[in-house]
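Read the structure below first, then the notes.
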Amino acid sequence: QVQLAESGGGLVQAGGSLSLSCAPSGRTFSNYVMGWFRQAPGKEREFVAAIRWSAVGTYYADSVKGRFAISRDNAKNTVYLQMNSLKPDDTAVYYCAAKTGIVFSQNYHSYDYWGQGTQVTVSS
């Protein structure tokens, strides 16, 4: 059974930092893109960032470019999202996701597996 286990959410003041982790299990993800999405109350799920599991390449939403960084540690089988200079607008439930192949996509329908989400709250 495939599982994507997220951790690292919490409450932080504006301007602060948080790091999220995603540990996938249940299959080999070598030919996958790993992504982070977020969903605020009353809004659609929004793409944040993505990384290829076994190749070079990252992709970011314009809203987080320069503030967030996605990375992976293949030895630890973990994907990270480092979030800096956080703003109240970044408040949302953050989801880890995985899609087959190496093509990046901002469309959440393209992703095959999802974690349960972790809450990130940024206070002003």
Side-chain angles (χ1 to χ4, degrees):
Q1 181 180 358
V2 174
Q3 288 188 324
L4 304 181
E6 303 113 331
S7 61
L11 172 65
V12 66
Q13 287 190 330
S17 299
L18 277 177
S19 180
L20 306 182
S21 300
C22 172
S25 62
R27 67 164 300 134
T28 301
F29 286 86
S30 57
N31 192 39
Y32 276 70
V33 165
M34 303 299 296
W36 287 97
F37 285 76
R38 65 187 182 187
Q39 189 165 18
K43 294 188 177 181
E44 286 199 354
R45 194 163 295 192
E46 175 189 28
F47 171 77
V48 175
I51 188 168
R52 295 186 175 105
W53 189 259
S54 298
V56 173
T58 56
Y59 184 44
Y60 294 93
D62 289 342
S63 59
V64 305
K65 207 172 289 184
R67 299 188 298 124
F68 291 12
I70 189 170
S71 62
R72 52 172 165 74
D73 186 331
N74 291 45
K76 295 183 178 180
N77 201 46
T78 302
V79 176
Y80 303 96
L81 184 67
Q82 177 65 40
M83 305 183 293
N84 300 321
S85 301
L86 283 161
K87 306 174 182 179
D89 284 349
D90 295 317
T91 296
V93 176
Y94 282 70
Y95 296 91
C96 179
K99 68 175 290 290
T100 308
I102 62 171
V103 177
F104 289 124
S105 174
Q106 294 195 8
N107 186 344
Y108 64 83
H109 293 293
S110 300
Y111 288 74
D112 304 297
Y113 302 106
W114 291 87
Q116 293 194 336
T118 184
Q119 177 70 45
V120 171
T121 303
V122 184
S123 63
S124 57

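This chain uses plain numbering: 1 for the first residue, then up along the sequence. Every heavy atom of this structure was used, including side-chain atoms; hydrogens, water molecules and symmetry mates were not.
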Which atom of [X] lies closest to which atom of [Y], heavy atoms considered:
X    : Y   : value
M34  : C22 : CE-SG, 4.3 Å
L81  : A49 : CD1-CB, 4.2 Å
S21  : T78 : CB-CG2, 4.1 Å
Q119 : A92 : NE2-O, 3.4 Å
N84  : Q82 : OD1-NE2, 2.9 Å

Hydrophobic cluster membership, [X] vs [Y], 4.5 Å side-chain cutoff:
X    : Y    : answer
V64  : W36  : yes
Y80  : F29  : no
Y113 : Y111 : no
F104 : F37  : yes
L18  : V122 : yes

Hey, does the side chain of [X] reach the backbone of [Y] with a donor-acceptor pair shorter than 3.5 angstrom?
X    : Y    : answer
R52  : I102 : yes
S105 : N107 : yes
E6   : C96  : yes

For the atom pair [atom1] ([X]) and [atom2] ([Y]), what is the distance rounded to the nearest 0.5 Å?
X    : Y   : atom1 : atom2 : answer
N31  : W53 : CG    : CH2   : 13.0 Å
S124 : Q13 : OG    : CD    : 9.0 Å
S54  : N74 : OG    : CG    : 6.0 Å
S25  : N77 : OG    : CG    : 8.0 Å

Inspect the contact between K65 and D62 and indicate whether a charged nitrogen and a carboxylate oxygen are less than 4.0 angstrom apart.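 Counted as a salt bridge, because a side-chain N and a carboxylate O are separated by less than 4.0 Å.
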Under the side chain to side chain donor-acceptor pair (under 3.5 Å) rule, what pairs show up with a residue in residues 93-102, not counting sequence neighbours?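 Only R38-Y94, T100-D112 qualify under side chain to side chain donor-acceptor pair (under 3.5 Å).
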Are D90 and F68 packed together at the side-chain level, in the sense that at least one heavy-atom pair is separated by less than 4.5 angstrom?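 The answer is yes, as the side chains (C-beta and beyond) meet within the 4.5 Å cut-off.
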Would you mind reporting whether M83 and L20 have side-chain heavy atoms less than 4.5 Å apart?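 Contact flag for L20/M83 side chains = yes.
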Q116 CD: over 12 foreign heavy atoms closer than 6.0 Å: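 Open.
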Would you say L11 has more than 12 foreign heavy atoms packed within less than 6.0 Å of its CG?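 Check passes, neighbour count above 12.
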Between V33 and V103, does the side-chain contact (heavy atoms from CB on, under 4.5 Å) criterion hold? Intermediate values first, please. CA-CA 7 Å; V33 165; V103 177; over 6 Å; no
Between E44 and Y108, does the side chain to side chain donor-acceptor pair (under 3.5 Å) criterion hold? Intermediate values first, please. CA-CA 10 Å; E44 286 199 354; Y108 64 83; 5.0 Å; no
